[in-house]
Amino acid sequence: GTFFSVIPRNEAHSSQRSMSLALFCAAFTSLWWSASALQEEIDMGAVFKSAGKALTSSMSIDAGGEQCPSLFVAVFSRASDTKRRSLVRDMWVDASSVFDRDDVAQESNILMKNGKALGWTNLVAKFAICKSTGEVGDELKKEQSAFGDLLLLDCEEGYGNGLLTRKTLAAIKAYHDEYSDQQLFMKVDDDTFVARRRLCNYILEHGGGSSLDDAYIGVVTGADSVARPHREESSPFYEPPEVYPNATYPPSMEGGPGYMLGRGLVEKLLSSGVPEANMLWVEDKAVGVWVRKLEEEATKVNWIAVPGTDGYHLWQDSGPWGSYPFIMRHKLTGRTISCLTQKAIRDDQAAPVDDCFDCDHAVLLRCSSVRSRASGHSGVTQGRLLLQAPKRSH
């Protein structure tokens with residue numbers, strides 16, 4: 001009864017509902033009798049999960065979501081960031097992962113309703129984590145057993161020395177090998193909030209009617225200014241001249257807020273060998289170079305610029321949810337992402353977002369909920385003092 005309560009009940013979906021119920025019952029009965037025939041102890045949780053996954057593979061729980069392109073999301077995380085994943089996991093809930101969770105029998109109704117409210121229901125999201133030693137620790141095993149949403153990659157965690165670029169390529173290859181039935185690949189950091197429904201609607205509205213097969217989607221950097229490599233070895237964005245000798249980068253999408261690549265673009269990248277030949281140390285700039293190389297070889301890339309921020313510059317985190325300007329917002333704490341996720345689920349256009357940010361900017365050394373009293377203060381937008389993070393010059 002918990003599961004059936006989320007199946008569409010309007011007349012337009014009556015035939016789909018009947019088929020879904022039949023599929024679920026058939027899968028459930030088959031698994032039940034298989035276990036009984038083998039005289040094995042029946043794990044009702046496992047039976048429920050398997051039957052539910054068989055059902056969700058053949059249906060959409062959100063009629064509006066059927067318009068969205070299918071999407072695979074690699075949420076970049078680290079093994080040690082268990083607490084953050086627990087806070088942001090609900091933002092990435094999807095129909096298939098619901099049935100991988102140990103709490104499915106009790107929580108499936110709530111989880112699937114939340115997934116429907118967030119929009120873009122036909123996505124598959126996994127937390128991408130490197131396992132450089134080839135071994136998986138007990139805590140990760142426990143988490144994978146509980147939630148089933150970890151993507152363990154053969155790579156080494158890190159930012160500099162090209163480690164993040166290598167992790168990105170490993171995630172792209174995992175998508176190509178295991179999830180290429182999804183139309184789009186997305187890489188995003190686990191400290192980024194993504195307004196799923198708004199993102200889907202924005203892509204559908206601004207895709208220009210072009211195919212998303214060769215799409216490159218995200219927050220553009222370097223479009224209106226020249227992006228130059230950092231040559232200071234102390235910089236976290238250091239790019240050695242022997243790795244990338246050019247004086248400027250081509251335009252690219254920001255890495256932190258997240259970017260998407262069409263399935264066709266991924267196939268072209270991997271078959272061309274371009275990534276391996278251009279392993280820049282700065283990950284998002286590396287992907288920009290890869291895309292530029294394909295463009296130079298006559299690939300027509302469909303660029304779609306999405307409203308968002310990398311969090312390294314000024315931000316506007318006040319006002320009502322209905323006018324919150326960022327579809328993709330990087331550099332946030334898990335608590336803030338969890339709070340914004342609840343705003344997205346409720347979708348109350350008049351609800352203020354201020355409470356999600358007070359004393360909680362991830363990049364600040366001290367919290368501050370200062371409201372400006374000086375209307376002409378530098379860095380003030382809509383009454384909130386916008387504190388600057390350490391600046392990243394692109």
Side-chain angles (χ1 to χ4, degrees), residues 73 75-78 81-94 107 110-111 113-121 123 125 127 149 186 188-202 218-219 254-258 306-373 377 379-390 392:
V73 186
V75 185
F76 275 32
S77 187
R78 292 172 179 252
D81 288 337
T82 307
K83 183 176 181 180
R84 174 179 290 278
R85 288 192 293 277
S86 71
L87 289 169
V88 307
R89 184 167 269 120
D90 283 353
M91 182 178 67
W92 292 115
V93 66
D94 63 80
E107 302 293 338
I110 296 172
L111 291 169
K113 282 183 177 179
N114 286 351
K116 180 178 179 180
L118 288 167
W120 207 324
T121 58
L123 63 77
F127 290 98
D149 58 2
M186 181 178 190
V188 63
D189 288 354
D190 64 1
D191 60 348
T192 294
F193 169 72
V194 177
R196 285 166 43 169
R197 185 180 301 282
R198 292 180 180 179
L199 180 57
C200 171
N201 291 341
Y202 189 90
V219 180
E254 293 281 1
V306 176
T309 176
D310 63 2
Y312 288 97
H313 301 291
L314 297 180
W315 46 74
Q316 177 192 323
D317 293 322
S318 62
W321 165 249
S323 59
Y324 187 61
F326 304 128
I327 292 177
M328 304 158 79
R329 169 64 160 96
H330 185 221
K331 297 299 285 185
L332 297 175
T333 66
R335 192 200 71 85
T336 293
I337 293 173
S338 178
C339 181
L340 287 173
T341 298
Q342 292 305 310
K343 303 285 184 187
I345 289 172
R346 296 186 183 99
D347 202 28
D348 179 354
Q349 301 296 296
V353 300
D354 305 51
D355 57 313
C356 292
F357 294 91
D358 285 343
C359 293
D360 207 28
H361 280 299
V363 293
L364 299 180
L365 297 177
R366 60 182 180 84
C367 79
S368 174
S369 58
V370 178
R371 308 279 181 177
S372 174
R373 294 186 179 90
H377 193 286
V380 174
T381 302
Q382 291 193 356
R384 172 175 286 275
L385 179 60
L386 302 178
L387 302 175
Q388 263 189 300
R392 176 181 180 181

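- Contacts of Ser338 classified as side chain to side chain donor-acceptor pair (under 3.5 Å), with partners at least two apart in sequence or in another chain: none.
- Between Arg329 and the choices Thr309, Asp317, Thr192, the side-chain hydrogen bond (donor to acceptor under 3.5 Å, both in side chains) rule is met once, by Asp317.
- Counting only heavy atoms from C-beta outward, the side chains of Gln349 and Trp321 approach each other to under 4.5 Å.
- Every salt bridge (charged side-chain N to carboxylate O under 4.0 Å, His left out) that Arg85 has, sequence neighbours left out, goes to Glu143.
- Between Phe326 and Tyr324, the ring-plane angle classifies as perpendicular under the 30° and 60° cut-offs.
- Considering every non-hydrogen atom in both Val194 and Met91, the closest pair reads N-SD, 3.4 Å.
- What you find for Leu87 and Arg335 is that their closest heavy atoms are CD1-N, 3.8 Å.
- For Val88, the side-chain contact (heavy atoms from CB on, under 4.5 Å) test picks out Arg84, Phe127, Ile337, with sequence neighbours left out.
- The structure places CG of Asp191 at 11.0 Å from OG1 of Thr336, a figure rounded to the nearest 0.5 Å.
- Within the 4.5 Å cutoff, no side-chain heavy atoms of Val73 are placed close to those of Arg196.
- Pro325 approaches Pro307 most closely through the heavy-atom pair O-CB, 3.6 Å.
- Leu340 has its side chain within reach of Leu332: a pair of non-hydrogen atoms, C-beta onward, lies under 4.5 Å apart.
- The backbone N or O of Asp354 lies less than 3.5 Å from no partner atom in the side chain of Ser318, so there is not a single donor-acceptor pair.
- Panel note: side chain Lys331, backbone Pro257; no donor-acceptor pair is recorded below 3.5 Å.
- With sequence neighbours excluded, no residue satisfies side chain to side chain donor-acceptor pair (under 3.5 Å) with Asp348.
- For the pair Trp92/Asp149, no side-chain contact is recorded, criterion being any heavy-atom separation below 4.5 Å from C-beta on.
- In this structure, the side chains of Val219 and His330 stay at 4.5 Å or more apart for every pair of heavy atoms.
- Between Thr121 and Lys116, the shortest heavy-atom contact is CG2-CA, 3.9 Å.
- The side chain to side chain donor-acceptor pair (under 3.5 Å) test applied to Gln342 returns no partner, not counting sequence neighbours.
- Judged as a salt bridge (charged side-chain N to carboxylate O under 4.0 Å, His left out), and not counting sequence neighbours, the contacts of Asp189 are Lys187.
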